[in-house]
Number of protein chains: 2
Amino acid sequence: MLSQKTRYAIRAMQHLADRHGQGPVQLAEIAAAQNIPVKFLTTILSELARYGMVGSKRGKVGGYWLAIPPVDITYGDLIRLMRGSLALVPCASRFAHEKCSHCLAEGDCRTRALMLQVRDQTAAILDGIRLSDPIELIPPFANDDDRPAAPKLHLGDE
Amino acid sequence: MLSQKTRYAIRAMQHLADRHGQGPVQLAEIAAAQNIPVKFLTTILSELARYGMVGSKRGKVGGYWLAIPPVDITYGDLIRLMRGSLALVPCASRFAHEKCSHCLAEGDCRTRALMLQVRDQTAAILDGIRLSDPIELIPPFANDDDRPAAPKLHLGDE
DNA sequence: CTGTAACTCAACCCGGATGGTAGACAATAG
DNA sequence: CTATTGTCTACCATCCGGGTTGAGTTACAG
């Protein structure tokens with residue numbers, strides 16, 4: 001799962017992308033529009049500023065803006081930045097690779113092989129879509145509509 | 001990321017799949033072969049037994065075995081079972097759907113639309129591979145080999 | 001040159017999840 | 001009847017996630 005913070009960061013960046021070229025956007029506007037706790041958003045935007053993703057200016061007409069044109073930022077970049085990796089296990093990450101603890105040798109781990117496939121597909125999607133791209137929205141599921149057939153296995157309670 | 005527990009569960013199930021049809025496999029064997037802390041593995045296997053995934057027997061020649069033929073268990077099933085969902089955000093889950101807190105309306109959330117694509121691709125991979133399938137192992141990355149070109153964005157330190 | 005509306009930063013905080021361990025108990029083979 | 005192996009509940013320590021506090025800084029307005 002993406003952390004709440006990562007999700008906030010993505011939405012904030014989308015907001016800034018939408019207003020790109022329009023001068024500084026104030027934190028309060030972003031927070032209100034994106035439904036993000038104001039104080040928390042300050043820490044997120046400051047972090048993004050430290051990373052060089054957004055510019056900022058204080059004072060009366062201050063605010064934030066994208067320091068990089070939205071066409072040069074992919075969603076993959078954003079997630080890597082906030083979360084470190086796109087992969088589902090550390091050993092399947094290509095940029096933030098790390099050995100899993102208590103695992104087999106990497107070359108012998110089937111889980112890793114699988115998760116590497118997943119991470120590469122995920123990257124193919126997320127690195128292919130840029131902050132400037134329009135995104136086709138998807139309506140909420142109307143209860144059991146729209147969903148694939150139930151999986152073979154549906155045991156337990158959760 | 002998958003939790004450590006989920007990863008252990010997957011490896012344990014792989015182990016049982018490999019020994020399917022050979023009678024009960026003892027916990028100690030699994031723990032040793034898969035490098036999983038013995039005590040922790042007991043809780044995991046018990047849980048899997050409660051879910052009906054594995055059978056168990058106590059006593060001298062006791063042990064665990066798959067209660068379902070490995071050809072009928074996909075990796076997707078396993079992850080759903082242990083983790084609840086394949087998706088990266090709750091609102092993009094198809095079987096364990098849940099509204100994200102502090103978000104936009106689902107129909108207006110670009111992040112959700114994106115993450116739904118990712119989850120569907122992930123599901124396509126993980127629901128297509130069964131515990132009985134051979135998996136082509138992938139050798140460890142030889143430092144910077146084998147990786148895609150560095151992403152456009154490589155800022156900050158981590 | 002002062003007031004005030006912004007952003008900045010370090011510090012803290014709380015609750016819940018994660019990753020285990022302890023230990024008493026139950027079944028089963030021999 | 002005893003050794004072996006699984007079961008179950010409880011507990012625990014640590015970390016991380018999701019924030020908040022509050023004091024500081026910059027910048028524009030007048």
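In what follows, every chain begins at residue 1, and chains take the letters A, B, ... in the order their sequences are listed.
- OP1 or OP2 of dT8(C) lies within a sub-4.0 Å distance of a side-chain N or O belonging to S46(A).
- Atoms NZ (K60(B)) and C1' (dA27(C)) sit 13 Å apart, rounded to a whole Å.
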Could you list the donor-acceptor pairs under 3.5 angstrom formed by side chains in residues 31-40 of chain B, with sequence neighbours left out?
residue : atom : partner : partner atom : Å
Q34(B)  : NE2  : H15(B)  : ND1          : 3.0
N35(B)  : ND2  : C103(A) : O            : 3.1

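- Between Y8(B) and dT18(C) there is no side-chain polar atom (N or O) within less than 4.0 angstrom of OP1 or OP2.
- Backbone-only contact: L27(A) has heavy atoms under 4.0 Å from sugar-phosphate atoms and none from a base.
- If you take OH of Y51(A) and P of dT8(C), they are 15 Å apart, rounded to a whole angstrom.
- Using modelled atom types, one finds no donor on one side chain facing an acceptor on the other under 3.5 Å when comparing Q14(B) with R11(B).
- Atom CD in Q26(B) sits roughly 17 Å away from atom P in dA3(D) (whole-Å rounding).
- A cation-pi arrangement is found for R112(B) relative to F141(A), the charged atom lying closer than 6.0 Å to the ring centre and inside a 45° cone about the ring normal.
- Of the charged side-chain nitrogens involved, none lies within less than 4.0 Å of a carboxylate oxygen, so that E136(A) and R110(B) do not count as a salt-bridged pair.
- Rounding to whole angstrom units, CD of residue E47(B) and C1' of dG20(C) are separated by 14 Å.
- More than 12 heavy atoms of other residues, nucleotides or ligands sit less than 6.0 Å from atom CD of E29(A).
- Bending across the helix from dC1(C)-dG30(D) to dG30(C)-dC1(D), expressed as the angle between its end axes from five pairs apiece, amounts to 10° (10° rounding).
- Distance CD1 (I44(A)) to P (dG17(D)): 12 Å, rounded to an integer number of Å.
- Note: S3(B) OG to M1(A) CE = 12.0 Å, rounded to the nearest 0.5 Å.
- Of all non-hydrogen atoms in G84(A) and A96(A), the two that sit nearest each other are O-CB, 3.2 Å.
- Ion pairing of R80(A) with D77(A) is present here, as a side-chain N (NZ or NE/NH1/NH2) and a carboxylate O approach within less than 4.0 Å.
- The OH-P distance, from Y64(B) to dT28(C), rounds to 14 Å in whole Å.
- Sequence order on DNA chain D of the closest nucleotides to G59(B) and T6(A) puts G59(B) first from the 5' end.
- Summary of the strand contacts: S101(B) and K57(B) both lie near DNA chain D, and taking for each the nucleotide with the nearest heavy atom, the more 5' one is attributed to K57(B).
- In terms of heavy-atom proximity, R130(B) sits nearest to D72(B) at NH1-CA, 4.2 Å.
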Please write out the pairs of protein N or O atoms and N or O atoms of nucleotides 21-25 of chain C separated by less than 3.5 Å, giving the distance to one decimal.
residue : atom : partner : partner atom : Å
dG23(C) : N7   : K39(B)  : NZ           : 3.4
dG23(C) : O6   : K39(B)  : NZ           : 2.5

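- Distances shorter than 4.0 Å separate some side-chain N or O of Q4(A) from OP1 or OP2 on dG19(D).
- Atoms CD1 (I36(A)) and P (dT20(D)) sit 12 Å apart, rounded to a whole Å.
- Of the side-chain N and O atoms in R50(B), one or more sit less than 4.0 angstrom from OP1 or OP2 of dC8(D).
- Residue H102(A) places its side chain closer to dG20(C) than to any other of dG6(D), dG20(C), dG19(D).
- One side chain, S101(B) or Q4(A), offers a donor N or O that lies under 3.5 Å from an acceptor on the other.
- The CD-P distance, from E29(A) to dA6(C), rounds to 12 Å in whole Å.
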